[in-house]
There are 2 protein chains.
Amino acid sequence: MPKRTYKQHCALARALDAVGERWTLLLVRELLTGPKRYKDLQQGLPGMGTNLLADRLKELVEGGLILRCAHGYSLTPRGAQLEEAIIALARFGAPLLGQRKPDEHWSASWNVVALKYAFNAVRAKTLEGVIEYRIDGSTVQARVDRGTIATASGPRWNPDVVATADGDTFLGIASGEVDPDSAERAGTLLLEGSRRVWRGALRAFGPG
Amino acid sequence: MPKRTYKQHCALARALDAVGERWTLLLVRELLTGPKRYKDLQQGLPGMGTNLLADRLKELVEGGLILRCAHGYSLTPRGAQLEEAIIALARFGAPLLGQRKPDEHWSASWNVVALKYAFNAVRAKTLEGVIEYRIDGSTVQARVDRGTIATASGPRWNPDVVATADGDTFLGIASGEVDPDSAERAGTLLLEGSRRVWRGALRAFGPG
DNA sequence: CGGAATCCTCTTCGATACTG
DNA sequence: CAGTATCGAAGAGGATTCCG
């Protein structure tokens, strides 16, 4: 099996040899929020052939980027180093998001990554606290402290404010098409806890 | 032409829809150092079919990432936004570089990108000045000022120090396999100008 | 000569069916 | 549940040819 390579002595080409094939970075994105089973990966990657998923998993294990574990597959520390590149790519792709098309898939867990790329360290300078997002039944947390951010895919920290809404409402707020105050009055967005932290979060994660 | 897409409402998937196909990011890398003609691109991307290059160029023009210009093709401001993602990927790929294999291509112009990803803002805090690298006849400059870096693919600024060597010597120094002082004594590395700035550059760009 | 379009072969992808 | 096997469709790679 002569694996296809660019044959360039270049760091970018090497990275693309390792993770540049179709589906690979999306697979890593799935594992960025914690270990996943084969079945969960399939559901998070609709359209990916099951043989291809098996192939990619094998490649990534051989490359030392992921690990077989009791609960399926998880990222190694080396694999987790891809987070920065994924965030940078996502930041580039964000302006292309537009409105969600009817045939497009969407998963609440992708918001963990979204929080990171949307996070604006400069505007978050004065923000400190934990924001908990409850989206379509799943929980995502962001912990902001002195211009840095940490995220979690479940309830890890004690939240200062809890925001509950369905996916479309959050997507609308994130894109700037939905006004948070209006959504709250309309009852599609429910806020519990510190208003001050919530307003800071809007500043840190909002568009523009 | 139904273009292949991941059909996910996710910023990473959107980015990969736009630039995730084979060769695309390497093509953008070529243009990061300035406008290039079709022929130059072919030479910088050995192994890429000419039809594929034409297709990719068309896609990128349609996507607003590159522009036809008098001298061939150049990046638009939007296309230049890919630099951060490319640097992040290259930083991930750098540990995979190893030694240059005999069948691997290498181009001096790739060092412009390399300087950026290898640049360590923390260690460069006290460095200020312009370093000029002359590699196999081509000139690359790095301008460091208060922890920030700018690069140029030709002689744009007045250099504080000029380092002249062949590609293998620079690759060896970058990977830590060649000691700069030994290389200088051996005559494979020639330094002209400020020793202080050179030592600072070694700290800012060196491995480890 | 630079800048492609065409043709043909080979590999990879994606979907479905199948197995331990 | 976690994969393997199969096969048609799409994409990639190389050579050649065409066009201005």
Side-chain angles (χ1 to χ4, degrees), chain A residues 1-8 10 12-13 16-31 34-63 65-75 103-105, chain B residues 1-8 10 13 16-31 34-63 66-75 103-105:
Chain A
M1 303 269 162
K3 209 200 155 196
R4 186 151 66 168
T5 151
Y6 288 111
K7 294 203 174 145
Q8 295 190 356
C10 161
L12 174 62
L16 294 174
D17 281 341
V19 299
E21 284 167 310
R22 201 165 159 73
W23 292 108
T24 304
L25 281 177
L26 294 180
L27 173 48
V28 173
R29 174 200 64 190
E30 292 298 304
L31 293 175
K36 295 265 188 311
R37 294 169 183 262
Y38 193 92
K39 191 63 173 294
D40 301 325
L41 292 171
Q42 277 192 307
Q43 290 178 342
L45 302 166
M48 183 183 197
T50 168
N51 55 345
L52 201 51
L53 174 54
D55 286 352
R56 292 284 182 273
L57 286 170
K58 222 172 292 175
E59 286 172 23
L60 290 173
V61 168
E62 281 170 18
L65 302 184
I66 67 177
L67 220 53
R68 299 216 51 148
C69 64
H71 331 295
Y73 295 89
S74 72
L75 282 182
D103 63 337
E104 279 184 340
H105 304 276
Chain B
M1 305 259 167
K3 209 201 153 193
R4 187 154 66 165
T5 152
Y6 288 111
K7 292 201 176 150
Q8 295 190 357
C10 161
L16 294 174
D17 280 342
V19 298
E21 283 167 310
R22 198 164 162 77
W23 293 107
T24 304
L25 281 177
L26 293 180
L27 174 48
V28 173
R29 174 201 64 190
E30 291 299 305
L31 294 175
K36 294 266 189 309
R37 293 167 182 263
Y38 192 92
K39 193 63 172 292
D40 301 325
L41 292 171
Q42 277 192 306
Q43 289 179 342
L45 302 166
M48 183 183 197
T50 168
N51 54 345
L52 202 49
L53 174 55
D55 286 352
R56 292 285 182 273
L57 286 170
K58 220 172 294 174
E59 287 173 23
L60 290 173
V61 169
E62 282 170 17
I66 67 177
L67 219 56
R68 299 216 50 148
C69 63
H71 330 297
Y73 296 89
S74 72
L75 281 183
D103 63 338
E104 278 185 341
H105 304 275

For the pair made of [atom1] in [X] and [atom2] in [N], what is the distance, rounded to whole Å?
X       : N      : atom1 : atom2 : answer
A:Met48 : C:dA15 : CE    : P     : 11 Å
B:Leu52 : C:dA5  : CG    : C1'   : 14 Å
B:Gln42 : C:dA5  : CD    : C1'   : 13 Å
A:Leu53 : C:dT12 : CG    : P     : 18 Å
A:Leu27 : D:dA2  : CG    : P     : 14 Å
A:Lys3  : C:dC10 : NZ    : P     : 23 Å
A:Leu16 : D:dA12 : CG    : C1'   : 16 Å
B:Glu21 : D:dG11 : CD    : P     : 8 Å

Can you check whether [X] has a side-chain N or O nearer than 4.0 Å to OP1 or OP2 of [N]?
X       : N      : answer
A:Tyr38 : D:dT4  : no
B:Arg4  : D:dA9  : no
A:Lys39 : D:dC1  : yes
A:Lys58 : D:dT4  : yes
B:Arg22 : C:dT11 : no
B:Tyr6  : C:dG14 : no
B:Trp23 : D:dG13 : yes
B:Arg37 : C:dA4  : no
B:Arg68 : C:dA4  : yes

Has the side chain of [X] got a donor or acceptor atom that lies under 3.5 Å from a matching backbone atom of [Y]?
X       : Y       : result
B:Tyr38 : B:Thr50 : yes
A:Tyr6  : B:Gly47 : no
A:Arg22 : A:Met48 : no
B:Lys3  : B:Asp17 : yes

Q) Can a donor-acceptor pair under 3.5 Å be found between the side-chain atoms of A:Asn51 and the base atoms of C:dG14? A)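 When only heavy-atom distances are counted, A:Asn51 does reach the base of C:dG14 through a donor-acceptor pair under 3.5 Å.
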
Q) When all nucleic acid strands are considered with a 4.0 Å heavy-atom cut-off, which category describes B:Gly72: base, sugar-phosphate, or nothing? A)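 Nothing: the residue B:Gly72, judged by heavy atoms under 4.0 Å, touches no strand.
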
Q. From C:dG14, D:dT4, D:dC1, pick the nucleotide closest to the side chain of A:Ala54?
A. D:dT4

Q | A:Leu67, A:Asp40, A:Leu41 screened by side chain to side chain contact (heavy atoms under 4.5 Å, CB included) with A:Tyr73, the one that passes | A | A:Leu41

